[in-house]
2 protein chains.
Amino acid sequence: MANNIQFSIAVHILAGLACGCDQEGVTSGRLAQSVNTSPSFVRRTLSKLSKAGLVETTTGKTGACWLAKNAKNISLLDVYKAVDAPKAFAIHSYSEQKECFVSCHIKTALEKALAKTQKAMEASLAEISLAQIVSDVKKK
Amino acid sequence: MANNIQFSIAVHILAGLACGCDQEGVTSGRLAQSVNTSPSFVRRTLSKLSKAGLVETTTGKTGACWLAKNAKNISLLDVYKAVDAPKAFAIHSYSEQKECFVSCHIKTALEKALAKTQKAMEASLAEISLAQIVSDVKKK
DNA sequence: TTATTTGTTACTAATTTAGTAACAATAAAG
DNA sequence: CTTTATTGTTACTAAATTAGTAACAAATAA
(Lines give C-alpha, C1' and ligand atoms only; values in the text may rest on other atoms or scores of the structure.)
Protein backbone atom coordinates (compact mmCIF):
# COMPACT_ATOMS: atom_id res chain seq x y z
CA MET A 1 0.00 0.00 0.00
CA ALA A 2 1.08 3.57 -0.30
CA ASN A 3 0.36 6.42 2.05
CA ASN A 4 -1.62 9.50 2.83
CA ILE A 5 -3.99 8.68 5.71
CA GLN A 6 -1.42 6.14 6.84
CA PHE A 7 0.28 8.84 8.82
CA SER A 8 -2.93 9.68 10.57
CA ILE A 9 -3.59 6.03 11.33
CA ALA A 10 -0.06 5.60 12.62
CA VAL A 11 -0.59 8.41 15.11
CA HIS A 12 -3.88 6.84 16.17
CA ILE A 13 -2.14 3.53 16.78
CA LEU A 14 0.66 5.11 18.76
CA ALA A 15 -1.80 7.06 20.87
CA GLY A 16 -3.61 3.81 21.51
CA LEU A 17 -0.40 2.17 22.64
CA ALA A 18 0.47 5.12 24.84
CA CYS A 19 -2.91 4.94 26.55
CA GLY A 20 -2.93 1.16 26.88
CA CYS A 21 0.52 1.07 28.42
CA ASP A 22 -0.88 0.28 31.86
CA GLN A 23 -1.68 -3.11 30.38
CA GLU A 24 1.92 -3.69 29.38
CA GLY A 25 1.12 -4.76 25.82
CA VAL A 26 -1.74 -4.47 23.39
CA THR A 27 -2.64 -6.69 20.44
CA SER A 28 -3.23 -5.62 16.87
CA GLY A 29 -6.80 -6.85 17.26
CA ARG A 30 -7.42 -4.46 20.11
CA LEU A 31 -5.92 -1.54 18.19
CA ALA A 32 -8.01 -2.50 15.18
CA GLN A 33 -11.13 -2.01 17.28
CA SER A 34 -10.08 1.48 18.22
CA VAL A 35 -9.21 2.45 14.67
CA ASN A 36 -12.23 0.55 13.38
CA THR A 37 -10.50 -1.57 10.80
CA SER A 38 -8.98 -5.02 10.42
CA PRO A 39 -6.03 -6.31 12.46
CA SER A 40 -4.14 -6.92 9.22
CA PHE A 41 -4.37 -3.30 8.33
CA VAL A 42 -3.10 -2.24 11.72
CA ARG A 43 -0.23 -4.67 11.60
CA ARG A 44 1.06 -3.35 8.34
CA THR A 45 1.44 0.10 9.79
CA LEU A 46 2.64 -1.34 13.07
CA SER A 47 5.36 -3.16 11.22
CA LYS A 48 6.76 0.09 9.85
CA LEU A 49 6.65 1.69 13.27
CA SER A 50 8.48 -1.28 14.66
CA LYS A 51 11.21 -1.11 12.03
CA ALA A 52 11.64 2.56 12.81
CA GLY A 53 12.18 1.70 16.46
CA LEU A 54 9.08 3.42 17.75
CA VAL A 55 7.33 0.32 18.99
CA GLU A 56 8.42 -3.10 20.13
CA THR A 57 6.59 -6.33 19.52
CA THR A 58 6.65 -9.98 20.44
CA THR A 59 5.28 -12.80 18.35
CA GLY A 60 3.73 -16.04 19.46
CA LYS A 61 0.72 -16.82 21.55
CA THR A 62 1.06 -13.91 23.90
CA GLY A 63 2.30 -11.59 21.19
CA ALA A 64 1.72 -7.89 21.75
CA CYS A 65 3.01 -4.37 21.06
CA TRP A 66 4.08 -1.43 23.16
CA LEU A 67 5.87 1.87 22.77
CA ALA A 68 9.61 1.53 22.53
CA LYS A 69 10.16 5.00 23.99
CA ASN A 70 8.46 7.47 26.22
CA ALA A 71 5.77 9.35 24.31
CA LYS A 72 7.61 12.58 25.06
CA ASN A 73 10.48 11.36 22.96
CA ILE A 74 8.45 10.47 19.89
CA SER A 75 7.78 13.35 17.54
CA LEU A 76 5.31 13.44 14.69
CA LEU A 77 8.31 13.77 12.41
CA ASP A 78 9.51 10.38 13.63
CA VAL A 79 6.11 8.99 12.69
CA TYR A 80 6.09 10.78 9.34
CA LYS A 81 9.42 9.27 8.44
CA ALA A 82 8.54 5.86 9.80
CA VAL A 83 5.50 5.44 7.57
CA ASP A 84 7.26 7.10 4.67
CA ALA A 85 4.39 9.51 4.11
CA PRO A 86 4.27 11.38 0.82
CA LYS A 87 6.03 14.66 0.20
CA ALA A 88 3.97 17.81 0.50
CA PHE A 89 4.30 18.45 -3.23
CA ALA A 90 4.85 16.38 -6.30
CA ILE A 91 6.44 17.84 -9.40
CA HIS A 92 5.10 16.94 -12.81
CA SER A 93 7.29 14.72 -14.90
CA TYR A 94 6.37 15.65 -18.42
CA SER A 95 9.21 15.38 -20.85
CA GLU A 96 11.08 18.57 -21.66
CA GLN A 97 10.55 20.67 -24.73
CA LYS A 98 14.10 21.38 -25.76
CA GLU A 99 13.48 24.67 -27.51
CA CYS A 100 11.90 26.11 -24.38
CA PHE A 101 14.18 27.05 -21.53
CA VAL A 102 11.29 27.31 -19.09
CA SER A 103 10.35 23.75 -19.89
CA CYS A 104 13.95 22.64 -19.42
CA HIS A 105 14.70 24.33 -16.13
CA ILE A 106 11.43 24.69 -14.28
CA LYS A 107 11.74 21.37 -12.50
CA THR A 108 15.06 22.00 -10.85
CA ALA A 109 13.91 25.49 -9.90
CA LEU A 110 10.79 24.04 -8.34
CA GLU A 111 12.66 21.29 -6.56
CA LYS A 112 14.91 23.84 -4.95
CA ALA A 113 11.99 25.97 -3.82
CA LEU A 114 9.86 23.10 -2.59
CA ALA A 115 12.70 21.58 -0.65
CA LYS A 116 12.50 24.60 1.64
CA THR A 117 8.81 24.11 2.11
CA GLN A 118 9.25 20.46 2.87
CA LYS A 119 11.89 21.33 5.47
CA ALA A 120 9.55 23.85 7.06
CA MET A 121 6.83 21.28 7.30
CA GLU A 122 9.14 18.71 8.80
CA ALA A 123 10.50 21.18 11.32
CA SER A 124 6.96 21.83 12.44
CA LEU A 125 6.25 18.11 12.81
CA ALA A 126 9.43 17.73 14.83
CA GLU A 127 8.05 20.08 17.44
CA ILE A 128 4.93 18.07 18.14
CA SER A 129 5.36 15.09 20.43
CA LEU A 130 3.14 12.08 20.79
CA ALA A 131 2.81 13.04 24.45
CA GLN A 132 1.11 16.28 23.41
CA ILE A 133 -1.34 14.41 21.24
CA VAL A 134 -2.10 12.00 24.06
CA SER A 135 -2.57 14.86 26.46
CA ASP A 136 -5.07 16.48 24.10
CA VAL A 137 -6.87 13.20 23.67
CA LYS A 138 -7.21 12.79 27.43
CA LYS A 139 -8.18 16.38 28.09
CA LYS A 140 -11.50 16.34 26.28
CA MET B 1 -10.15 17.13 -11.79
CA ALA B 2 -8.55 17.29 -8.42
CA ASN B 3 -5.02 18.29 -7.53
CA ASN B 4 -1.49 17.33 -6.64
CA ILE B 5 0.77 18.02 -9.62
CA GLN B 6 -1.64 20.80 -10.57
CA PHE B 7 0.31 23.12 -8.34
CA SER B 8 3.51 22.28 -10.09
CA ILE B 9 1.91 22.79 -13.48
CA ALA B 10 0.45 26.09 -12.38
CA VAL B 11 3.91 27.34 -11.47
CA HIS B 12 5.22 26.15 -14.82
CA ILE B 13 2.48 28.07 -16.61
CA LEU B 14 3.09 31.23 -14.64
CA ALA B 15 6.81 31.02 -15.27
CA GLY B 16 6.01 30.64 -18.94
CA LEU B 17 3.86 33.73 -18.86
CA ALA B 18 6.52 35.66 -16.99
CA CYS B 19 9.12 34.76 -19.58
CA GLY B 20 6.89 35.37 -22.56
CA CYS B 21 5.80 38.78 -21.33
CA ASP B 22 7.89 40.53 -23.96
CA GLN B 23 5.34 39.22 -26.42
CA GLU B 24 2.52 40.88 -24.54
CA GLY B 25 0.32 37.80 -24.45
CA VAL B 26 0.72 34.06 -24.85
CA THR B 27 -1.86 31.49 -25.93
CA SER B 28 -2.82 28.32 -24.14
CA GLY B 29 -1.52 26.43 -27.13
CA ARG B 30 1.92 27.91 -26.73
CA LEU B 31 1.96 27.17 -23.02
CA ALA B 32 0.81 23.64 -23.74
CA GLN B 33 3.93 23.12 -25.84
CA SER B 34 6.15 24.19 -23.00
CA VAL B 35 4.37 21.99 -20.47
CA ASN B 36 4.04 19.23 -23.05
CA THR B 37 0.33 18.62 -22.75
CA SER B 38 -2.93 19.67 -24.40
CA PRO B 39 -4.18 23.27 -24.53
CA SER B 40 -7.36 22.13 -22.77
CA PHE B 41 -5.39 20.94 -19.83
CA VAL B 42 -3.51 24.20 -19.59
CA ARG B 43 -6.67 26.24 -19.85
CA ARG B 44 -8.30 24.49 -16.95
CA THR B 45 -5.46 25.49 -14.68
CA LEU B 46 -5.23 28.88 -16.32
CA SER B 47 -8.87 29.44 -15.54
CA LYS B 48 -8.25 28.99 -11.82
CA LEU B 49 -5.30 31.33 -11.93
CA SER B 50 -7.44 33.88 -13.70
CA LYS B 51 -10.22 33.64 -11.11
CA ALA B 52 -7.65 34.15 -8.41
CA GLY B 53 -6.50 37.33 -10.11
CA LEU B 54 -3.03 36.11 -10.97
CA VAL B 55 -3.43 36.20 -14.72
CA GLU B 56 -5.60 38.12 -17.15
CA THR B 57 -7.04 36.80 -20.35
CA THR B 58 -8.93 37.91 -23.43
CA THR B 59 -11.15 35.71 -25.55
CA GLY B 60 -11.80 35.89 -29.26
CA LYS B 61 -9.54 35.54 -32.25
CA THR B 62 -6.56 37.27 -30.69
CA GLY B 63 -7.21 35.78 -27.28
CA ALA B 64 -4.24 35.43 -24.99
CA CYS B 65 -3.02 35.42 -21.37
CA TRP B 66 -0.55 37.39 -19.35
CA LEU B 67 0.41 37.92 -15.74
CA ALA B 68 -1.93 40.24 -13.89
CA LYS B 69 0.82 41.34 -11.51
CA ASN B 70 4.54 41.68 -11.39
CA ALA B 71 6.14 38.30 -10.72
CA LYS B 72 7.67 39.76 -7.56
CA ASN B 73 4.20 40.15 -6.15
CA ILE B 74 3.04 36.62 -6.79
CA SER B 75 3.99 34.12 -4.11
CA LEU B 76 3.80 30.37 -4.31
CA LEU B 77 1.20 30.58 -1.59
CA ASP B 78 -0.99 32.61 -3.97
CA VAL B 79 -0.60 29.82 -6.49
CA TYR B 80 -1.24 27.12 -3.91
CA LYS B 81 -4.49 28.76 -2.91
CA ALA B 82 -5.48 29.54 -6.49
CA VAL B 83 -5.35 25.94 -7.61
CA ASP B 84 -6.80 24.71 -4.34
CA ALA B 85 -4.01 22.20 -3.85
CA PRO B 86 -4.52 19.46 -1.27
CA LYS B 87 -3.65 19.82 2.39
CA ALA B 88 -0.36 18.40 3.53
CA PHE B 89 -2.14 15.73 5.57
CA ALA B 90 -5.45 13.99 5.45
CA ILE B 91 -7.02 12.55 8.58
CA HIS B 92 -8.72 9.18 8.44
CA SER B 93 -12.46 9.25 8.72
CA TYR B 94 -13.27 5.91 10.24
CA SER B 95 -16.28 5.95 12.49
CA GLU B 96 -15.63 6.27 16.21
CA GLN B 97 -15.63 3.40 18.62
CA LYS B 98 -17.63 4.86 21.47
CA GLU B 99 -16.11 2.80 24.27
CA CYS B 100 -12.63 3.99 23.34
CA PHE B 101 -11.67 7.54 24.22
CA VAL B 102 -8.64 7.47 21.95
CA SER B 103 -10.91 6.60 19.04
CA CYS B 104 -13.28 9.40 19.99
CA HIS B 105 -10.80 12.21 20.45
CA ILE B 106 -7.83 11.43 18.25
CA LYS B 107 -9.18 13.29 15.27
CA THR B 108 -9.64 16.65 16.95
CA ALA B 109 -6.25 16.28 18.59
CA LEU B 110 -4.69 15.57 15.21
CA GLU B 111 -6.52 18.39 13.51
CA LYS B 112 -5.18 20.81 16.04
CA ALA B 113 -1.63 19.58 15.63
CA LEU B 114 -1.70 19.38 11.87
CA ALA B 115 -3.16 22.86 11.53
CA LYS B 116 0.15 24.15 12.86
CA THR B 117 2.06 22.14 10.31
CA GLN B 118 -0.15 23.36 7.52
CA LYS B 119 0.44 26.94 8.64
CA ALA B 120 4.18 26.38 8.68
CA MET B 121 4.08 25.04 5.18
CA GLU B 122 1.99 27.93 3.92
CA ALA B 123 4.24 30.46 5.57
CA SER B 124 7.15 28.94 3.74
CA LEU B 125 5.32 29.12 0.42
CA ALA B 126 4.48 32.74 1.09
CA GLU B 127 8.16 33.58 1.14
CA ILE B 128 8.90 32.25 -2.31
CA SER B 129 7.98 34.55 -5.18
CA LEU B 130 7.39 33.68 -8.79
CA ALA B 131 10.19 36.11 -9.60
CA GLN B 132 12.63 33.92 -7.69
CA ILE B 133 11.54 30.87 -9.62
CA VAL B 134 11.90 32.74 -12.90
CA SER B 135 15.31 33.96 -11.89
CA ASP B 136 16.43 30.39 -11.16
CA VAL B 137 15.01 29.23 -14.46
CA LYS B 138 16.96 31.86 -16.34
CA LYS B 139 20.17 31.37 -14.39
CA LYS B 140 20.91 27.87 -15.59
C1' DT C 1 0.26 -30.35 19.94
C1' DT C 2 -2.77 -26.58 20.04
C1' DA C 3 -4.04 -21.88 20.18
C1' DT C 4 -3.05 -17.28 19.20
C1' DT C 5 -0.30 -13.77 17.73
C1' DT C 6 2.96 -11.07 14.56
C1' DG C 7 4.92 -10.23 9.91
C1' DT C 8 4.33 -10.36 5.24
C1' DT C 9 2.55 -10.95 0.69
C1' DA C 10 -0.91 -11.10 -2.67
C1' DC C 11 -5.02 -9.59 -4.19
C1' DT C 12 -9.40 -6.89 -5.13
C1' DA C 13 -12.18 -2.78 -4.77
C1' DA C 14 -12.70 1.97 -4.47
C1' DT C 15 -11.26 6.43 -5.08
C1' DT C 16 -8.53 9.88 -6.90
C1' DT C 17 -5.96 11.92 -10.46
C1' DA C 18 -4.52 12.49 -15.25
C1' DG C 19 -5.62 13.50 -19.62
C1' DT C 20 -8.74 14.07 -23.88
C1' DA C 21 -12.57 15.68 -26.53
C1' DA C 22 -16.05 18.61 -27.64
C1' DC C 23 -18.40 22.79 -27.99
C1' DA C 24 -20.57 27.33 -26.75
C1' DA C 25 -19.17 32.11 -26.33
C1' DT C 26 -16.23 35.67 -27.85
C1' DA C 27 -13.97 38.86 -30.76
C1' DA C 28 -10.75 40.21 -34.38
C1' DA C 29 -10.16 40.26 -39.34
C1' DG C 30 -11.41 39.87 -43.92
C1' DC D 1 -21.79 39.06 -42.16
C1' DT D 2 -18.77 35.19 -42.38
C1' DT D 3 -14.63 33.08 -41.13
C1' DT D 4 -11.10 32.00 -38.00
C1' DA D 5 -8.85 31.40 -33.74
C1' DT D 6 -9.15 31.84 -29.09
C1' DT D 7 -10.90 31.18 -24.04
C1' DG D 8 -13.92 28.87 -20.66
C1' DT D 9 -16.27 24.99 -19.34
C1' DT D 10 -18.21 20.47 -19.04
C1' DA D 11 -18.31 15.70 -19.78
C1' DC D 12 -15.97 11.74 -20.30
C1' DT D 13 -12.39 7.93 -20.33
C1' DA D 14 -8.06 5.98 -18.83
C1' DA D 15 -4.51 5.39 -15.62
C1' DA D 16 -2.58 5.40 -11.26
C1' DT D 17 -2.88 5.48 -6.53
C1' DT D 18 -4.82 4.24 -2.25
C1' DA D 19 -7.84 1.57 0.74
C1' DG D 20 -8.98 -2.52 2.53
C1' DT D 21 -9.27 -7.84 2.85
C1' DA D 22 -7.62 -12.47 2.94
C1' DA D 23 -4.46 -15.86 3.68
C1' DC D 24 -0.66 -18.05 5.61
C1' DA D 25 4.16 -18.92 7.37
C1' DA D 26 6.79 -18.23 11.59
C1' DA D 27 6.84 -17.77 16.39
C1' DT D 28 5.87 -19.00 21.07
C1' DA D 29 3.35 -19.77 25.29
C1' DA D 30 0.33 -23.05 27.37
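Here is the naming used below: chain letters follow the sequence lines, and residue numbers restart at 1 for every chain. Because the structure is predicted, anything quoted here is derived from the model rather than measured.
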Starting at atom NE2 of A:His92, determine the distance to atom C1' of C:dT17, rounded to an integer number of angstrom. 16 Å
Regarding D:dT21, can its base be found pairing with the side chain of A:Arg44 as donor and acceptor, where the two atoms are less than 3.5 Å apart? yes
Distance check: side-chain N/O of B:Thr57 vs OP1/OP2 of D:dG8, anything under 4.0 Å? yes
Assuming nearest nucleotide by heavy-atom distance, tell me which of B:Ile9 and A:Ser28 is located more 5' along DNA chain C. A:Ser28
A:Leu49 atom CG is separated from C:dT6 atom P, nearest whole Å, by 14 Å
Listed once per pair and sorted, the salt bridge (Lys or Arg N to Asp or Glu O under 4.0 Å) pairs that draw on residues 64-77 of chain B, sequence neighbours left out: none
Rounded distance (Å) that lies between atom C1' of D:dG8 and atom CG of B:Leu31: 15 Å
Taking atom C1' of D:dA15 as reference, at what distance in whole Å does atom CZ of B:Phe41 sit? 13 Å
Options C:dT6, D:dT9, D:dT21, nucleotide nearest the side-chain atoms of B:Lys51: D:dT9
Taking protein heavy atoms under 4.0 Å as touching, what does nucleotides 22-27 of chain C look like 5' to 3' if B marks base contact, S marks sugar-phosphate-only contact and - marks none? B---BB
Which pairs pass salt bridge (Lys or Arg N to Asp or Glu O under 4.0 Å) with one or both residues in residues 107-119 of chain A, sequence neighbours excluded? A:Lys112-B:Asp136
Contacts of type ring pair (Phe, Tyr, Trp, His ring centres under 6.0 Å), residue A:His92, not counting sequence neighbours: A:Tyr94, B:His12
Is B:Lys48 close enough to D:dT7 that one of its side-chain N or O atoms is under 4.0 Å from OP1 or OP2 there? no
Can you measure A:Arg30 atom CZ to C:dT4 atom P for me and round it to whole angstrom units? 18 Å
Give the table of side-chain donor-acceptor pairs shorter than 3.5 Å for residues 53-61 of chain A, with sequence neighbours excluded, one pair per line with atom names and distance.
from	atom 1	to	atom 2	distance (Å)
A:Glu56	OE1	A:Trp66	NE1	3.0
A:Thr58	OG1	A:Ala64	N	3.4

Looking at side-chain heavy atoms only, is the closest gap between B:Phe89 and B:Leu110 below 4.5 Å? no
Whole angstroms only, please: what is the CG-P distance between A:Asp84 and D:dT18? 11 Å
Could you pull out the closest heavy-atom pair between A:Ala32 and A:Val42, with the gap in Å? CA-CG2, 3.6 Å
Nearest-Å distance, CD1 (A:Ile91) to C1' (C:dA18)? 17 Å
I need the CG-P distance between A:Leu46 and C:dT8, as an integer number of Å. 11 Å
Taking only residues two or more places apart in sequence or in another chain, which ones pass side chain to side chain donor-acceptor pair (under 3.5 Å) with B:Thr37? none
